[in-house]
Amino acid sequence: ILIDTNILLPLEPTSLNDVESQSHLANEFIQKAQKANALIYLLDVQKNDINRDKDDNRRKLRLLACEKYQLLTKIQITDFIKEHFEIADLNPHDYVDVSLLNALYCNAVSILVTNDYGIHAKAKKIGLEDKVYRLEDAVDFINLQLPSELKAEPLHPIISSEKCYK
């Protein structure tokens with residue numbers, strides 16, 4: 001699962017002011033993804049988004065937080081993507097967006113999770129809309145993928161005092 005920077009930010013607040021309305025849902029997403037043994041990825045160019053943050057402390061903390069995620073690197077922009085988007089004309093933010101879709105197109109990941117309407121529109125333009133999920137839809141998607149035995153809360157055996165103190 002590849003996550004957009006707008007999913008990373010509510011997952012990794014750098015202060016109480018950074019806790020967003022989506023933070024609890026983002027945490028639920030990560031918990032369910034971990035339960036499903038899904039790998040969560042960032043794309044190397046997403047660090048460019050973070051490096052544009054003018055707040056030095058927040059930028060450093062977010063770059064540090066990125067280290068806990070798998071990083072996809074060196075995925076070349078495909079001719080297919082170049083045919084649909086004028087790469088040279090893209091601003092830095094849109095280049096990251098197109099790079100995320102390119103990773104998805106290359107099957108480097110199964111799905112992309114983003115709340116960015118622009119990415120959803122771009123995905124539709126190139127026929128990838130069924131692999132791009134909003135955060136709340138990604139939670140539902142993972143729930144459907146989990147075997148029923150993993151959906152249940154873990155059972156913790158109750159240790160009787162007899163067994164502990166004989």
Any residue meeting side chain to side chain donor-acceptor pair (under 3.5 Å) with [X], in chain and number order, not counting sequence neighbours:
| X | result |
| --- | --- |
| Thr78 | Asn102 |
| Asp53 | Arg58 |
| Lys60 | Asp56 |
| Asn6 | Asp4, Thr114 |

Q: Could you tell me which residues satisfy side chain to side chain contact (heavy atoms under 4.5 Å, CB included) with Glu28, sequence neighbours excluded, listed by chain and number?
A: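 Glu28 satisfies side chain to side chain contact (heavy atoms under 4.5 Å, CB included) with Leu25, Lys32, Val139 once adjacent residues are dropped.
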
Any chain of hydrophobic side-chain contacts (each under 4.5 Å) joining [X] to [Y]?
| X | Y | answer |
| --- | --- | --- |
| Leu39 | Ile30 | no |
| Ile119 | Leu9 | no |
| Leu128 | Leu90 | yes |
| Val98 | Ile126 | yes |
| Leu64 | Leu8 | no |

Q: Apply side-chain contact (heavy atoms from CB on, under 4.5 Å) to the pair Leu43 and Val96, showing each step before the final yes or no.
A: CA-CA 9 Å; Leu43 194 58; Val96 171; over 6 Å; no

Q) If you look only at pairs with a residue in residues 25-63, which of them pass as a ring pair (Phe, Tyr, Trp, His ring centres under 6.0 Å), with sequence neighbours excluded? A)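 Every pair satisfying ring pair (Phe, Tyr, Trp, His ring centres under 6.0 Å) with a residue in residues 25-63: there are none.
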
Q. Applying ring pair (Phe, Tyr, Trp, His ring centres under 6.0 Å), which residue pairs with at least one partner in residues 99-125 are found, sequence neighbours left out?
A.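 Only Phe80-Tyr105 qualify under ring pair (Phe, Tyr, Trp, His ring centres under 6.0 Å).
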
Q) How far apart are the C-alpha atoms of Val132 and Leu101, what are their side-chain angles, what is the distance that settles it, and do they pass the side-chain contact (heavy atoms from CB on, under 4.5 Å) test? A) CA-CA 9 Å; Val132 181; Leu101 290 171; 4.1 Å; yes

Determine whether a donor-acceptor pair (N or O, by modelled atom type, separation under 3.5 Å) exists between the side chain of [X] and the backbone of [Y].
| X | Y | result |
| --- | --- | --- |
| Ser99 | Tyr95 | yes |
| Gln46 | Ile3 | yes |
| Thr14 | Leu61 | no |

(Q) Which residues pass the ring-ring contact (aromatic ring centres under 6.0 Å, His included) test with Phe85, not counting sequence neighbours? (A)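 Result, ring-ring contact (aromatic ring centres under 6.0 Å, His included) vs Phe85: none returned.
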
Q: Just jot down the ring-ring contact (aromatic ring centres under 6.0 Å, His included) partners of His93, sequence neighbours excluded, or say none.
A: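 Here no residue qualifies.
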
Q | Distance-minimising heavy-atom pair for Asn57 and Asp55 | A |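 Closest approach of Asn57 to Asp55: N-OD1, 3.2 Å.
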
Q) Between Pro10 and Ser23, which heavy-atom pair has the shortest distance, and what is it? A)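 Heavy-atom minimum between the residues: O-OG, 3.0 Å.
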
Q: Please name the residue in the list Leu135, Leu42, Ile40 that meets the side-chain contact (heavy atoms from CB on, under 4.5 Å) test with Ile7.
A: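 For Ile7, the side-chain contact (heavy atoms from CB on, under 4.5 Å) test succeeds with only one of Leu135, Leu42, Ile40, which is Leu135.
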
Q. Which is it for Lys47 and Leu63 under the side-chain contact (heavy atoms from CB on, under 4.5 Å) test, yes or no, and what are the steps along the way?
A. CA-CA 7 Å; Lys47 288 186 176 184; Leu63 288 170; 4.1 Å; yes

Q. Which residue pairs pass the salt bridge (Lys or Arg N to Asp or Glu O under 4.0 Å) test when at least one of the two sits in residues 79-97, sequence neighbours left out?
A.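 Pairs touching residues 79-97 that pass the test: Asp94-Lys122, Asp97-Lys122.
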
Q | Any side-chain heavy-atom pair of Val113 and Ile1 under 4.5 Å | A |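 Heavy-atom side-chain distance check passes, below 4.5 Å.
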
Q: Go through the steps to decide whether Lys131 and Asn107 satisfy the test side-chain contact (heavy atoms from CB on, under 4.5 Å), and finish with yes or no.
A: CA-CA 10 Å; Lys131 294 183 174 188; Asn107 293 316; 3.5 Å; yes

Using a 3.5 Å cut-off and no angle test, enumerate the donor-acceptor pairs between side-chain atoms of residues 67-75 and protein atoms at least two apart in sequence or in another chain.
{"from": "Lys68", "atom 1": "NZ", "to": "Glu12", "atom 2": "OE1", "distance (Å)": "3.1"}
{"from": "Lys68", "atom 1": "NZ", "to": "Glu12", "atom 2": "OE2", "distance (Å)": "3.3"}
{"from": "Tyr69", "atom 1": "OH", "to": "Glu12", "atom 2": "OE2", "distance (Å)": "2.5"}

Q: Name all residues meeting the salt bridge (charged side-chain N to carboxylate O under 4.0 Å, His left out) criterion together with Arg52; count only those two or more places apart in sequence or in a different chain, and write none if there are none.
A: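 Listed in chain order: Asp49.
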
